[in-house]
Number of protein chains: 4
Amino acid sequence: MTPAQRPRVEGDREEEIFAATVRVLAEVGYDRLTMDQVAAEARASKATLYRRWDGKAALVVDAVTRAKGLPDPTVPDTGALRGDLVGLFCGPAGVTERLPMSVLGGLLTALHTDEDLSAAWRERFLAPRMAVSHEVFRRAQERGEVSPDADLEVLGTVLPSMCAFHGTVLGRHVDEEFVARVIDEVLLPAIRRPDTATSDT
Amino acid sequence: MTPAQRPRVEGDREEEIFAATVRVLAEVGYDRLTMDQVAAEARASKATLYRRWDGKAALVVDAVTRAKGLPDPTVPDTGALRGDLVGLFCGPAGVTERLPMSVLGGLLTALHTDEDLSAAWRERFLAPRMAVSHEVFRRAQERGEVSPDADLEVLGTVLPSMCAFHGTVLGRHVDEEFVARVIDEVLLPAIRRPDTATSDT
Amino acid sequence: MTPAQRPRVEGDREEEIFAATVRVLAEVGYDRLTMDQVAAEARASKATLYRRWDGKAALVVDAVTRAKGLPDPTVPDTGALRGDLVGLFCGPAGVTERLPMSVLGGLLTALHTDEDLSAAWRERFLAPRMAVSHEVFRRAQERGEVSPDADLEVLGTVLPSMCAFHGTVLGRHVDEEFVARVIDEVLLPAIRRPDTATSDT
Amino acid sequence: MTPAQRPRVEGDREEEIFAATVRVLAEVGYDRLTMDQVAAEARASKATLYRRWDGKAALVVDAVTRAKGLPDPTVPDTGALRGDLVGLFCGPAGVTERLPMSVLGGLLTALHTDEDLSAAWRERFLAPRMAVSHEVFRRAQERGEVSPDADLEVLGTVLPSMCAFHGTVLGRHVDEEFVARVIDEVLLPAIRRPDTATSDT
DNA sequence: CAATAAACGAGACGGTACGTCGAGTCTTCCT
DNA sequence: AGGAAGACTCGACGTACCGTCTCGTTTATTG
């Protein structure tokens with residue numbers, strides 16, 4: 001048998017459970033993930049899981065949000081809006097990986113049902129990413145790339161929305177080409193500075 | 001004890017089951033809908049449901065797709081892109097109703113898992129709606145409202161994407177004001193004919 | 001397609017259905033026999049089966065009772081009780097075959113539940129066999145082999161009872177050796193004429 | 001065969017489930033007993049039932065075999081074979097109660113199909129009872145009531161067989177009168193000691 | 001350094017929904 | 001007109017997963 005599995009320091013244990021959760025998540029996707037499977041993978045008991053989290057959805061949200069090793073969205077600074085956006089969405093924390101779409105698709109049901117969960121998801125996962133995106137647009141606006149009266153809140157949502165739609169509803173793979181296409185065909189033309197939008201793929 | 005067991009015409013039974021499915025769907029939402037409930041509502045047996053459909057998701061997709069009485073997306077013709085889009089998205093088959101978002105959110109899990117189902121969903125539900133949307137843009141292009149070299153495929157996806165994102169992921173209500181905002185702040189500026197995009201809210 | 005399946009004369013059709021029933025019965029036993037299987041085997045529709053019989057049990061009872069080709073219990077006459085009994089129970093209509101026990105075991109549930117069925121079973125299947133058995137004892141009594149005040153009703157039930165018990169409850173195979181043993185160790189000693197019971201195996 | 005598992009208390013839960021099973025069994029009989037009903041009666045979940053038992057038949061066999069409060073066959077000792085047999089078969093664990101026949105009839109189908117079940121039934125239910133019966137005969141033989149060369153195995157089966165046959169196949173009620181009749185008309189005459197068999201009803 | 005309370009692994013449990021199966025009923029179409 | 005074909009309702013089956021619970025064990029903290 002394995003040598004004595006001692007109760008860990010609180011933070012430690014959570015970390016391992018998060019890791020196990022993300023591992024299972026990546027392997028079978030959200031809806032085929034079961035609590036028993038996570039418990040087994042983490043050599044934990046289900047009681048331990050439910051002691052800390054409200055349920056499967058809460059655990060997954062927490063894991064996806066707080067697991068170590070998960071890439072953080074970083075604010076790139078290429079000096080131009082286009083480069084910043086491509087870097088942000090196609091980087092390590094971007095949407096071109098398979099996992100985010102799988103998780104998002106599976107969570108939607110739960111998000112729609114559970115208000116607490118929905119709030120947690122928005123605050124911990126969405127908000128930081130939207131903030132980074134917003135920051136990118138704000139800087140572009142400062143540089144004069146974006147019209148001063150542009151609606152940054154809406155513009156900042158275009159790319160996430162379209163990536164999510166493509167990845168989940170349309171079931172197509174979200175790659176850099178798609179991201180670039182949205183930027184070039186929708187965002188740059190829409191920011192009302194045609195002179196800076198002449199760059200093409 | 002058999003209340004009016006009328007002879008069933010070809011496909012009659014399906015109609016009734018679809019109706020019952022949509023009824024339950026509207027009442028409790030996708031994830032709280034159970035096959036037993038649908039069976040009871042339709043005075044059908046579960047065997048009948050499973051004989052025709054692979055499961056809950058397949059039944060719901062079929063029902064949402066083929067049930068009589070569901071509003072069809074119609075091509076409005078107001079003579080201007082903005083009016084057409086508002087009419088399309090805020091009309092009876094639009095996205096401002098509560099049902100479509102509830103259903104969409106619940107289905108995504110299943111869509112992600114089952115390829116057949118996903119295909120059916122795209123072909124029967126999405127494709128017609130996307131076609132209508134595309135048609136609206138095509139006519140606007142003919143009228144000269146939209147630049148001839150605009151990427152209609154991407155532009156036509158902007159509004160559905162953003163409505164779906166707002167309604168499901170962000171959990172906000174999608175109303176006419178939001179639709180108008182997206183049109184005015186993103187779409188019209190992006191179509192590269194600033195002279196026709198001067199209309200404001 | 002199969003060539004025209006014309007409606008048959010009533011008795012004819014029943015005969016074929018009985019044959020199919022017995023065929024299926026012999027193959028899979030009573031409890032694994034399904035009405036669909038019988039219908040398919042007989043190229044009949046289930047409606048036809050249920051038009052004539054009350055259900056599975058009734059059909060099987062009727063088939064086992066009235067199917068052509070099934071051996072009838074015949075009254076042997078060897079001049080001695082022992083020979084008559086062995087001939088009766090180990091002959092073609094005897095209990096040493098596999099089918100009767102399989103059928104009997106399966107029917108018991110239904111017999112216990114349905115009074116009509118139970119009556120039919122007793123009248124059509126049991127009664128004739130018991131009558132033959134009784135006749136054998138009566139003749140032995142006339143010959144003086146059996147005491148005049150012996151209780152023929154009980155004695156006549158000993159062998160069927162014990163064969164049924166061995167075959168169904170104890171799950172052992174009923175063969176000629178067992179029949180002979182019961183006759184020699186129980187019946188003959190019990191008929192109160194020790195002088196005629198000295199014959200041993 | 002159950003591996004030493006640990007419910008709340010060792011075997012506690014099983015006891016309750018057995019009790020519920022026997023209760024339902026006595027109320028509606030074997031074939032109208034459903035697993036859901038037992039689960040409800042025992043406030044158990046079906047999963048619990050199926051975790052421990054293979055199905056309805058296995059549960060019932062186990063319950064009838066191991067439930068506390070069920071009367072055990074006890075070896076009476078009246079000093080005479082006749083009294084012992086009447087006491088054994090008409091006592092609290094005897095065959096004159098309604099339940100045993102109802103259960104036996106219902107189980108036969110399953111016993112015939114499932115070999116494991118059949119073995120369990122024979123070992124746990126039949127064997128102890130047959131052993132008691134055999135013991136009664138053995139003592140009678142020691143006392144000289146029964147001929148030393150009598151076939152006790154067969155003789156011990158006569159009464160169970162005939163009671164089972166009467167109760168299930170013939171559908172007649174098995175009462176003390178019938179038991180006495182079999183003893184007096186078959187068994188006592190057959191034991192080859194006419195001098196001790198002169199006792200009449 | 002032993003005693004104790006907290007956290008834990010293991011996994012049985014109640015509950016709910018699932019998807020399947022067979023009995024028996026019913027309609028339609030065909031001959 | 002009667003039968004074959006087979007869809008239909010009903011109800012029970014056996015399974016899967018969620019979230020709760022109990023038990024015995026391990027660990028960190030106290031007396």
Side-chain angles (χ1 to χ4, degrees), chain A residues 2 4-10 13 31-37 39-40 42-57, chain B residues 1-2 5-10 12-14 17 31-37 39-40 42-56, chain C residues 1-8 10 13 31-37 39-40 42-57 59, chain D residues 5-10 12-14 17 31-37 39-40 42-56:
Chain A
T2 41
Q5 291 284 348
R6 330 203 292 263
R8 274 78 161 207
V9 185
E10 253 193 36
R13 201 71 192 94
D31 45 332
R32 282 210 254 270
L33 171 149
T34 70
M35 294 302 264
D36 292 81
Q37 208 180 345
R43 300 195 65 86
S45 104
K46 286 206 293 171
T48 303
L49 302 186
Y50 283 103
R51 200 173 297 125
R52 289 202 215 272
W53 295 278
D54 275 348
K56 169 173 163 174
Chain B
M1 199 48 204
T2 25
Q5 282 286 355
R6 56 184 186 273
R8 314 234 186 261
V9 189
E10 189 88 12
D12 224 16
R13 203 69 192 93
E14 284 196 341
I17 292 172
D31 42 336
R32 280 206 252 275
L33 170 149
T34 70
M35 294 301 264
D36 290 83
Q37 206 179 345
R43 291 189 187 286
S45 92
K46 284 203 293 174
T48 300
L49 302 185
Y50 285 105
R51 192 177 306 120
R52 284 204 221 272
W53 296 280
D54 276 347
K56 171 172 161 174
Chain C
M1 282 301 254
T2 42
Q5 289 285 348
R6 317 208 295 269
R8 274 76 160 208
E10 251 192 40
R13 201 71 193 94
D31 45 332
R32 282 211 253 270
L33 170 150
T34 70
M35 294 301 265
D36 291 81
Q37 207 179 347
R43 302 195 65 85
S45 102
K46 286 207 292 172
T48 302
L49 302 185
Y50 283 103
R51 198 174 299 123
R52 289 202 218 271
W53 295 278
D54 276 347
K56 171 173 163 174
L59 168 60
Chain D
Q5 285 162 355
R6 211 166 300 156
R8 299 179 184 167
V9 184
E10 187 90 11
D12 226 16
R13 202 68 192 94
E14 285 194 340
I17 292 171
D31 41 336
R32 281 205 252 275
L33 170 150
T34 71
M35 294 302 265
D36 290 84
Q37 205 179 346
R43 300 197 64 86
S45 90
K46 284 203 294 172
T48 300
L49 302 186
Y50 284 106
R51 195 176 301 121
R52 285 202 218 272
W53 296 279
D54 276 347
K56 171 172 161 173

Tell me whether the side-chain N/O atoms of C:R52 come closer than 4.0 Å to OP1 or OP2 in E:dG24.
no
For a quick check of understanding: with a heavy-atom distance under 4.0 Å over all strands, which category does A:L33 fall into, base, sugar-phosphate or nothing?
sugar-phosphate
Could you report the tightest heavy-atom contact between D:A42 and D:R13, atom names first, then the distance?
O-NH2, 2.8 Å
Round to the nearest Å and state the distance from B:R51 atom CZ to F:dC10 atom C1'.
12 Å
Approximate separation, where rounding is to 0.5 Å, of B:T34 OG1 and B:K56 NZ
7.5 Å
Using whole Å, report how far CG of C:D31 lies from P of E:dA23.
11 Å
In whole Å, I'd like the distance from the CG atom of A:D36 to the P atom of F:dT15.
16 Å
Just the rounded figure in Å: distance from P of F:dC8 to CD1 of B:I17.
7 Å
5'-most contact on DNA chain E: A:S45 or D:S45, nearest heavy atom basis?
A:S45
Considering residues, nucleotides and ligands other than D:D31, do more than 12 of their heavy atoms fall under 6.0 Å from its CG?
yes
Closest nucleotide among F:dA4, E:dT20, E:dG15 to the B:Y50 side chain
E:dT20
Could you tell me the separation between the NZ atom of D:K46 and the CD atom of D:Q37, rounded to the nearest 0.5 Å?
12.5 Å
Looking only at heavy atoms, what is the nearest atom pair of A:S45 and A:A39, with distance?
C-CB, 4.3 Å
Please state how far atom CG in A:D54 lies from atom C1' in F:dT20, giving the value in whole angstrom units.
14 Å
Angle between the end axes of the helix from E:dC1-F:dG31 to E:dT31-F:dA1, five pairs per end, to the nearest 10 degrees?
0°
Using heavy atoms to find the nearest nucleotide of DNA chain E for C:T48 and D:T48 separately, return the residue whose nucleotide is more 5′.
D:T48
Where the side chain of D:K46 is concerned, which of E:dT25, F:dC13, F:dC17 is the nearest nucleotide?
F:dC13
Expressed as a whole number of angstroms, how long is the span from A:K56:NZ to F:dG19:C1'?
13 Å
Could you give the distance from CD (B:E14) to OG1 (B:T48), rounded to the nearest 0.5 Å?
11.0 Å
Nucleotide F:dC18, atom P - distance to CH2 of A:W53 in whole Å
15 Å
Among E:dG19, E:dC21, E:dG14, the nucleotide that comes nearest once only the side chain of B:A47 is considered
E:dC21
One should read off an interatomic distance between C:R52 CZ and C:L59 CG, to the nearest 0.5 angstrom, of 11.0 Å
Rounded to the nearest 0.5 Å, how far does CG of C:L49 lie from CG of C:D54?
12.5 Å
Whole Å only: how far is the CG atom of D:L49 from the P atom of E:dC13?
10 Å
B:R13 vs E:dT27: side-chain N/O to OP1/OP2 distance below 4.0 Å
no
Comparing C:A39 with D:G55, nearest DNA chain F nucleotide closer to 5' gives the residue C:A39
Which of the following nucleotides, F:dC17, E:dC18, F:dA5, is nearest to the side chain of B:M35?
E:dC18
